[in-house]
Amino acid sequence: MFGQKKHVRVRFAPSPTGPLNFGGVRTALFNWLFAKHEGGYFILRIEDTDKERSRPEFETDIKESLSWLGLHWDELYKQTDRIAEYEKYLTSLLERNIAYYCFCSEEDLVKDEEAQMSQGIPPKYSGRCRTIPFEEATARAKKEKHVIRLKVPEKELSFHDLIRGKVTFHLGLVGDFIIAKSLKEPLYNFANVIDDAEMEITHVVRGEEHISNTPRQIAIQEALGFSPLIYAHLPLILGANKKKLSKRDLAKSISDYRREGYLPHAVLNFLVLLGWHPKEDKEILSVEEMQKEFSFDRVQKAGGIFNIEKLDWFNGYYIRALSDETLALLLEELVPPAWMNDRNKFVKTVSVEKERMKKLTDFAGAVKFLFELPVYAPELLLWKHTPAATIAGNLKEAIGIFEGIAEEDFHKRTIESKMMLFAEMRGRGEVLWPIRVALSGNGASPGPFDLADILGKRETLLRMKHAYALLSKKHEAE
RNA sequence: GGUCCCAUCGUCUAACGGUUAGGACACCGCCCUUUCACGGCGGUAAUAGGAGUUCGAUUCUCCUUGGGACUACCA
């Protein structure tokens with residue numbers, strides 16, 4: 001065994017009490033990255049010992065979100081499948097008198113706590129049931145309501161954290177804490193420690209909020225004779241209010257972001273830089289680069305604020321990096337089915353709109369005018385201070401030019417070369433602006449040649465004539 | 001309150017005793033340009049405060065201040 005390098009084994013251990021959020025994903029990502037970097041194993045462990053709050057649909061959400069992001073696990077466990085295992089250890093601890101049954105009522109506990117507080121002592125369990133003889137306690141446990149507590153020695157204890165260095169606590173402050181509600185109902189700290197040992201976890205990588213759980217877990221480890229683990233407590237992801245990302249503010253679930261049109265790579269790239277940074281000044285990272293360069297010495301100690309604008313920027317970047325075809329495939333399900341009648345038109349639209357999108361869900365609204373006739377105010381056709389009559393005249397001439405282009409030549413390049421000749425003559429804005437508005441009905445849109453190309457000759461002429469009519473009518477009215 | 005953790009531009013961060021304190025997002029300006037976007041160029045903007053160590057501190061130590069996590073028969 002000695003001399004032999006132990007494989008790195010890490011775990012992501014979410015409890016299925018809510019959908020997976022950014023905090024969870026970041027923890028999963030860093031675990032996964034570390035495992036990949038070390039050629040180790042990434043284990044997913046569903047910590048569902050809390051029967052009240054755990055729900056199967058959240059377990060599904062967690063697994064689906066992880067899969068969507070490409071964070072695939074090598075092994076999967078579920079704590080409720082392992083109750084017998086925990087019971088074994090619990091029984092052993094009880095028999096060896098390292099843990100004991102406690103029958104204190106809630107009122108007793110509250111009274112104790114109040115008394116301690118009033119004396120200015122930090123509250124902890126009094127140890128009242130510690131001395132009840134094992135046989136008596138076992139007998140009582142069969143019919144009385146009880147919990148199981150660990151006998152915690154009063155000593156100083158420290159652990160090594162890859163991010164924070166040596167962290168020291170005084171176990172005396174902890175007291176005999178509860179490790180299980182009963183033999184078949186272990187609590188988080190207990191089940192967690194058993195599993196880490198049995199699953200031969202080497203590194204515990206988790207959020208900073210667990211630092212204060214660590215001394216309890218080490219106390220359990222020592223009671224059971226398990227070997228110590230290496231820890232890495234990740235900085236918290238904070239909301240704009242600098243507090244831990246909570247259910248509200250931006251703690252929407254990953255599945256929500258997925259629905260809103262964020263790309264997995266964008267989420268990963270954004271998250272990996274929230275608390276970690278590669279050696280070089282590099283922001284755009286492939287998953288392979290993340291795996292190759294990941295290391296805990298470059299993980300930040302301080303919490304980081306979740307900045308959605310940067311996520312949006314990454315998302316826009318990765319959308320632009322997609323091929324038109326790939327992007328079209330992703331967009332298909334986000335638009336009315338009728339838009340797919342002309343697939344060629346759809347792909348062209350995607351190609352043109354690509355550089356304007358931040359989220360996939362931006363698409364449908366932004367290009368709706370290409371599939372449905374837009375409604376707009378005639379004034380929008382006017383360019384700066386150019387008189388309406390001039391604009392109308394330009395529109396009319398442009399119609400002639402469009403008509404002069406053969407159906408089979410009606411493509412961006414041809415349209416552009418013909419129309420630019422005219423535009424250079426009359427002034428670009430005075431020609432191109434009204435055409436663009438006629439075709440889009442919008443103050444902002446892709447360029448007129450792209451639009452005409454996408455719309456096709458027939459539809460282009462239809463819209464041009466409509467615009468001309470609108471403007472003439474307005475002109476007459478004045 | 002107690003225990004623990006933390007502190008560089010608005011935000012994410014680089015610098016592991018010597019830099020005009022660098023990059024990215026956001027913002028502003030210019031260029032490209034018919035609009036929007038993309039792209040290019042440029043700009044504003046930071047070492048919380050105080051001691052100490054040192055020839056020299058963003059960097060090491062201590063204190064102060066500020067922020068955060070935990071403080072469940074939740075995880």
Side-chain angles (χ1 to χ4, degrees), chain A residues 13-18 47-54 79 102 104 106 109 117 120-124 145-149 161 163-164 167-170 172-174 177-182 185 187-189 191-192 206-216 233 235-236 238 240-244 270-271 273-284 297-298 300-314 316-317 320 352-358 366 380 383-384 419-420 423 427-437 440 442-449:
Chain A
S15 68
T17 54
E47 305 219 332
D48 55 350
T49 50
D50 184 343
K51 292 194 284 270
E52 311 287 302
R53 301 194 309 154
S54 295
Q79 289 190 323
C102 170
C104 292
E106 206 176 320
L109 262 19
M117 294 281 258
I121 324 170
K124 69 171 192 184
K145 192 166 175 0
H146 62 273
V147 295
I148 300 170
R149 290 181 184 272
D161 190 294
I163 297 167
R164 286 150 222 282
V167 181
T168 306
F169 282 89
H170 297 269
L173 262 19
V174 172
F177 62 94
I178 300 171
I179 55 176
K181 289 157 119 168
S182 73
E185 298 169 293
L187 254 22
Y188 160 70
N189 280 130
N192 189 277
R206 65 204 339 180
E208 188 188 331
E209 71 268 28
H210 287 290
I211 289 184
S212 48
N213 282 139
T214 309
R216 291 163 212 266
H233 285 99
L236 262 12
L238 312 172
N241 57 359
K242 290 200 157 219
K243 291 197 193 304
K244 191 171 123 183
F270 167 72
L271 241 25
L273 292 178
L274 192 46
W276 176 82
H277 199 278
K279 265 208 163 58
E280 310 79 51
D281 260 334
K282 195 163 48 171
E283 301 267 322
I284 298 295
D297 6 291
R298 299 192 65 83
Q300 208 70 19
K301 290 191 190 76
I305 293 173
F306 181 99
N307 180 202
I308 186 109
E309 284 172 336
K310 190 140 186 181
L311 206 212
D312 284 349
W313 177 79
F314 272 117
Y317 178 90
R320 269 172 262 137
V352 162
E353 185 59 24
K354 187 158 76 172
E355 66 204 28
R356 267 161 271 259
M357 275 189 270
K358 277 205 171 12
L380 193 59
W383 171 252
K384 293 187 176 167
M419 196 58 76
M420 279 311 279
R428 294 185 172 195
E430 289 172 32
V431 173
L432 270 14
W433 171 270
I435 297 178
R436 200 190 53 70
V437 172
S440 70
N442 272 300
S445 79
F449 312 123

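In what follows, chains carry the letters A, B, and so on, assigned in the order in which the sequence lines appear, proteins first and then strands, with residues in each chain numbered from 1. Computed from a prediction, not measured in an experiment: that's the story for all the values here.
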Distance between P atoms of B:C31 and B:G67 (Å, rounded): 46 Å
Polar pair under 3.5 Å, donor/acceptor by atom type, side chain A:Glu283, base B:G23: yes
A:Arg356 side-chain N/O to B:G39 phosphate OP1/OP2 under 4.0 Å: no
Between P of B:C38 and CD of A:Glu353, the distance in whole Å: 12 Å
Nearest-0.5 Å distance that lies between atom SG in A:Cys104 and atom NZ in A:Lys145: 12.0 Å
A:Leu273 or A:Lys282, whichever maps to the more 5' nucleotide of RNA chain B: A:Leu273
By side chain to side chain donor-acceptor pair (under 3.5 Å) - contacts of A:Lys242 (at least two apart): none
Identified pairing partner of B:U34, criterion: Watson-Crick or G-U wobble below 3.5 Å: none
Ring geometry between A:Trp383 and A:Trp433 (parallel below 30°, tilted from 30 to 60°, perpendicular above 60°): tilted
Set of side chain to side chain contact (heavy atoms under 4.5 Å, CB included) partners for A:Thr49, sequence neighbours left out: A:Gln79, A:Pro186, A:Ala191
Pairwise C1' distance, B:G23 and B:C4 [rounded to whole Å]: 33 Å
Results of side chain to side chain contact (heavy atoms under 4.5 Å, CB included) for A:Val174 - residues two or more places apart only: A:Leu171, A:Phe177, A:Arg216
Partner nucleotide, any strand, of B:A14 [Watson-Crick/G-U, under 3.5 Å]: none
Nucleic acid footprint by protein, nucleotides 70-75 of chain B - heavy-atom cut-off 4.0 Å, B for base, S for sugar-phosphate alone: S--BBB
Any A:Arg320 side-chain nitrogen or oxygen under 4.0 Å from OP1 or OP2 of B:G39: yes
For atom CZ of A:Phe314 and atom P of B:C12, their distance in whole Å: 14 Å
For atom CD of A:Glu280 and atom P of B:C16, their distance in whole Å: 14 Å
For A:Trp313, all residues meeting side chain to side chain contact (heavy atoms under 4.5 Å, CB included), sequence neighbours excluded: A:Ile284
Selected nucleotide, minimal atom distance to A:Phe169 side chain, candidates B:U13, B:C25, B:U3: B:U3
Tabulate atom names and distances for all N/O pairs under 3.5 angstrom spanning the protein and nucleotides 5-10 of chain B.
{"residue": "B:C5", "atom": "O2'", "partner": "A:Arg164", "partner atom": "NH1", "Å": "2.7"}
{"residue": "B:C5", "atom": "O2'", "partner": "A:Glu208", "partner atom": "OE2", "Å": "3.3"}

Rounded P spacing from B:U47 to B:G40 in Å: 30 Å
No-H, no-angle donor-acceptor pair, A:Lys310 side chain to B:A24 base, under 3.5 Å: yes
For A:Asp281, all residues meeting side chain to side chain donor-acceptor pair (under 3.5 Å), sequence neighbours excluded: none
Protein-to-nucleotide contact annotation, 5' to 3' order, nucleotides 60-66 of chain B [B base; S sugar-phosphate only; - none; under 4.0 Å, heavy atom]: -------
Test side chain to side chain donor-acceptor pair (under 3.5 Å) applied to A:His277 - qualifying residues, sequence neighbours left out: none
Every protein N/O lying under 3.5 Å from an N/O of nucleotides 31-33 of chain B:
{"residue": "B:U33", "atom": "O3'", "partner": "A:Arg428", "partner atom": "NH1", "Å": "3.2"}

Distance (rounded to the nearest 0.5 Å) between A:Arg164 CZ and A:Ile211 CD1: 4.5 Å
Sugar-phosphate, base or nothing in reach of A:Pro448, heavy atoms under 4.0 Å: base
Salt bridge (Lys or Arg N to Asp or Glu O under 4.0 Å) partners for A:Lys358, two or more places apart: none
A:Lys124 side-chain N/O to A:Gly172 backbone N/O, donor-acceptor pair under 3.5 Å: yes
Touch class at under 4.0 angstrom, heavy-atom based, for A:Gly120 against every strand present: nothing
Presence of A:Trp433 side-chain N/O under 4.0 Å of B:U34 phosphate oxygens OP1/OP2: no
5′-ward residue of the pair A:Gly275/A:His170 relative to RNA chain B: A:His170
Counterpart residues, side chain to side chain contact (heavy atoms under 4.5 Å, CB included), relative to A:Ile163 (two or more places apart): A:Asp161, A:Ala232, A:Leu234, A:Phe296, A:Val299, A:Lys301
